[in-house]
Enquirer: 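Encoded as C-alpha cells, here's the structure I'll be asking about.
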There are 2 protein chains.
Amino acid sequence: MYRINFNEFFTSAFSVDCMLFGYSQGQIKALLIKRAMEPYNNFWAIPGDLVYPDEDLDEAANRILKDLTGLSDVGLHQAQSFGHPKRHPQGRVVTVSYFAMVRIEDFNAKASSWADEISWVPIHNIPVLAFDHNLIMSTTIELLKQKLRVEPICFDMLPDRFTLNEFQQLYEYAYNQPLDKANFRKKIKHVPLLAHDEKQKMVKHRPAKLFSFAKEEYKTKVETSDYQFKM
Amino acid sequence: MYRINFNEFFTSAFSVDCMLFGYSQGQIKALLIKRAMEPYNNFWAIPGDLVYPDEDLDEAANRILKDLTGLSDVGLHQAQSFGHPKRHPQGRVVTVSYFAMVRIEDFNAKASSWADEISWVPIHNIPVLAFDHNLIMSTTIELLKQKLRVEPICFDMLPDRFTLNEFQQLYEYAYNQPLDKANFRKKIKHVPLLAHDEKQKMVKHRPAKLFSFAKEEYKTKVETSDYQFKM
DNA sequence: TTAAATAATTGTCGAAAATACAATAATTAA
DNA sequence: TTAATTATTGTATTTTCGACAATTATTTAA
C-alpha cells in the first residue's frame with residue numbers, strides 16, 4: 001500500500017458532527033442549529049466543526065460540545081463516518097458523527113458563535129437539513145435506539161430524579177409503542193435504582209415516588225455478575 | 001463554524017482498514033498481512049489503504065477487499081474511526097475500519113501486491129501489530145461479537161452447508177463458553193434453516209445432517225413479522 | 001368532610017422461553 | 001457383532017413475558 005505519490009493524498013479535511021439528544025415533554029429531541037453562513041445558509045444542521053490538525057477526534061467532539069453547551073464530562077459516543085466525495089461543496093470533508101445525551105433543562109445552549117438560532121426537535125420530526133445531515137441524523141438515531149436497549153444511557157437524558165412513568169414514557173417514545181405499566185416495572189426490577197423519600201410535587205393527582213439511577217451500583221453489578229442492562 | 005482559513009485544514013489523508021474474519025478449525029480468525037515496507041516493516045498489520053480523493057469510504061473498502069481477495073459482493077460493515085494525531089508517522093491519517101466475513105476455504109488471498117505473507121490468526125491470539133492496529137483490532141472484535149448476537153452474520157463465515165455442531169461451536173468460541181447442545185437446538189428453532197438430505201462424509205462416527213441458512217426466508221420473516229435474530 | 005377522579009402500585013395467571021439433565025438412535029471401526 | 005462416538009430428541013423445573021385485574025394513595029371539587 002501507499003504505492004502512489006504520498007503527498008497527493010494529503011488534501012482532505014475532516015470534521016466532527018456532534019449530535020445532542022435530550023428528553024422533554026415525553027419526547028426525545030435532537031439539538032439543531034440554524035446555519036448563519038454559506039453554504040446552506042439558513043438551513044437547519046447538526047452542530048459540527050472541522051478537526052484541528054493536531055487534535056484527536058474525541059477531543060474535537062468534546063471541544064464542540066463544550067463550545068456549544070458549556071458542558072464537559074459528558075459521555076460521548078462515536079457513531080459513524082460519512083465520506084461521500086461530494087458531500088461538502090467546498091472540498092473533500094469526511095465527517096465523523098458523535099452523539100451525547102444531556103438534560104435539556106440543565107443548560108442553555110449558546111447559539112452565539114454557531115448560529116442565529118438553535119432548537120430542540122423531536123427525533124420523529126426532523127426537518128430537511130444541510131449537507132447530508134439527514135442521512136447522518138437518521139443513521140445516528142437508529143444507533144441511539146439500539147443503544148437504549150442495551151446500555152443505561154437513558155438516565156443521561158432523564159432528570160436526576162425521575163418517576164417510573166417518565167422512565168417508561170421515554171421508552172414508549174423511542175420504540176413508538178405503548179408499554180404495559182405493570183410489566184415495565186417488573187422488567188426494571190434488576191436495574192439498580194435508588195428510591196427517594198421525596199415525591200412529585202405540584203401535580204393534581206397522587207404524586208409518584210422519585211428515583212435516581214445508582215450508577216456506581218450498576219458498575220459493580222456489571223463487573224461482578226454477568227448482569228446486562230436490557231430493555 | 002469554518003471561521004479559520006479554510007485551506008489549512010485540507011492537509012490530511014484518510015485510510016480504510018479492512019478486517020476479514022473467517023471460521024476454521026473451531027476458531028474465528030482474522031486475516032493479517034506482514035508489511036513489506038516502512039514504516040513498521042515486517043510487522044503484522046490489518047490490510048488497509050489510503051482512500052482516493054474522489055472515492056467514497058465504502059467504495060474504498062470494497063476496492064481493498066477486491067484487491068486482496070478477489071471477492072466482491074461481500075457484506076461490509078463499518079466499525080469505527082481512529083484519528084489520533086500521531087497514529088501515523090508520516091502525516092495525519094484518519095482511518096475508518098471496516099470488517100467483513102468470508103469463508104476461509106473459498107478463496108486464496110493474494111498477498112502479492114500487499115505483503116510478503118498473510119495469515120489467518122485466531123481472534124483470541126492477536127500478536128503485536130503495526131501502528132495502532134491492536135486498538136483497532138480489539139475494538140472491532142468486540143463489535144463483531146456484539147453483531148453476532150443480533151445479526152445472522154455467522155453464516156457468512158460458515159461453509160455453505162454446515163452441521164448444527166459447527167454452528168454451535170462458532171458461538172462457543174465467540175462467547176468463550178460451552179453451550180448445552182440440546183438447548184442450543186431449541187434456541188435456533190426460529191432461525192430459518194434449510195435442512196438437506198445430504199450428510200457429513202468421511203467422519204468416523206454418525207454423520208450429522210447438513211443445513212444452510214435460508215437467507216430469503218429470513219428477510220421476509222424480518223419484514224413481515226417482528227422476528228429478531230438473537231443468540 | 002366527603003365523594004369522585006386520577007394515577008401509583010401490586011397481584012394473578014397462563015404462555016413462552018431458558019436451563020439442567022437424561023434417554024435414545026444412527027453410524028463407524030474393530 | 002459389539003464398543004465407541006456422536007447426533008438427535010425428550011422431560012421436568014425454573015424463569016421470564018404479556019395481558020389484565022385489583023388495590024391503594026392522593027388531589028380536587030362539591
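Chain identifiers are assigned alphabetically (A, B, ...) following the order of the sequence lines, protein sequences preceding nucleic acid strands; residue numbering begins at 1 within each chain. Heavy atoms only: backbone and side chains are in, while hydrogens, waters and symmetry mates are out.
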Enquirer: Expressed as a whole number of angstroms, how long is the span from B:Ile188:CD1 to C:dA17:P?
Expert: 15 Å
Enquirer: Answer with base, sugar-phosphate or nothing: what part of the nucleic acid does A:Lys230 contact at a heavy-atom distance below 4.0 Å?
Expert: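 Touches nothing.
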Enquirer: Ignoring the backbone of B:Lys186, work out which of D:dA19, C:dT19, C:dC21 is nearest its side chain.
Expert: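 It is C:dT19.
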Enquirer: Can you tell me which nucleotide in D:dT6, C:dT12, C:dA20 comes closest to the side chain of B:His205?
Expert: D:dT6
Enquirer: Just compare C:dA25, C:dT9, D:dT9 and give me whichever is closest to any side-chain atom of A:Leu164.
Expert: C:dT9
Enquirer: Just do the ring pair (Phe, Tyr, Trp, His ring centres under 6.0 Å) check on A:Phe131 and A:Phe43 with the steps written out, would you?
Expert: CA-CA 9 Å; A:Phe131 305 102; A:Phe43 275 70; 9.0 Å; no
Enquirer: Of A:Lys181 and B:Thr163, whose closest DNA chain D nucleotide lies nearer the 5' terminus?
Expert: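 Of the two residues, B:Thr163 wins.
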Enquirer: For a quick test of reading the model: is some side-chain N or O of A:Arg206 closer than 4.0 Å to OP1 or OP2 of D:dT24?
Expert: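 For D:dT24, OP1/OP2 do not have a side-chain N/O of A:Arg206 under 4.0 Å.
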Enquirer: For A:Ala182 and for B:His190, find the nucleotide of DNA chain C with the closest heavy atom, then tell me which residue's nucleotide is more 5'.
Expert: A:Ala182
Enquirer: Given D:dT9, C:dA18, C:dT27, identify the nucleotide with an atom nearest to the side chain of B:Lys187.
Expert: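 So the nucleotide nearest the side chain must be C:dA18.
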Enquirer: Can you spot which of B:Ile123, B:Asp17, B:Leu32 makes a side-chain contact (heavy atoms from CB on, under 4.5 Å) with B:Met137?
Expert: B:Leu32
Enquirer: Establish, with yes or no, whether the OP1 or OP2 oxygen of C:dA7 is under 4.0 angstrom from a side-chain nitrogen or oxygen of A:Asn165.
Expert: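 No, outside the criterion.
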Enquirer: Flag this pair as yes if the NZ/CZ of B:Arg149 is under 6.0 angstrom from the six-membered ring centre of B:Tyr175 and inside a 45 degree cone about the axis; otherwise no.
Expert: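 Here B:Arg149 passes the 6.0 Å and 45° test against B:Tyr175.
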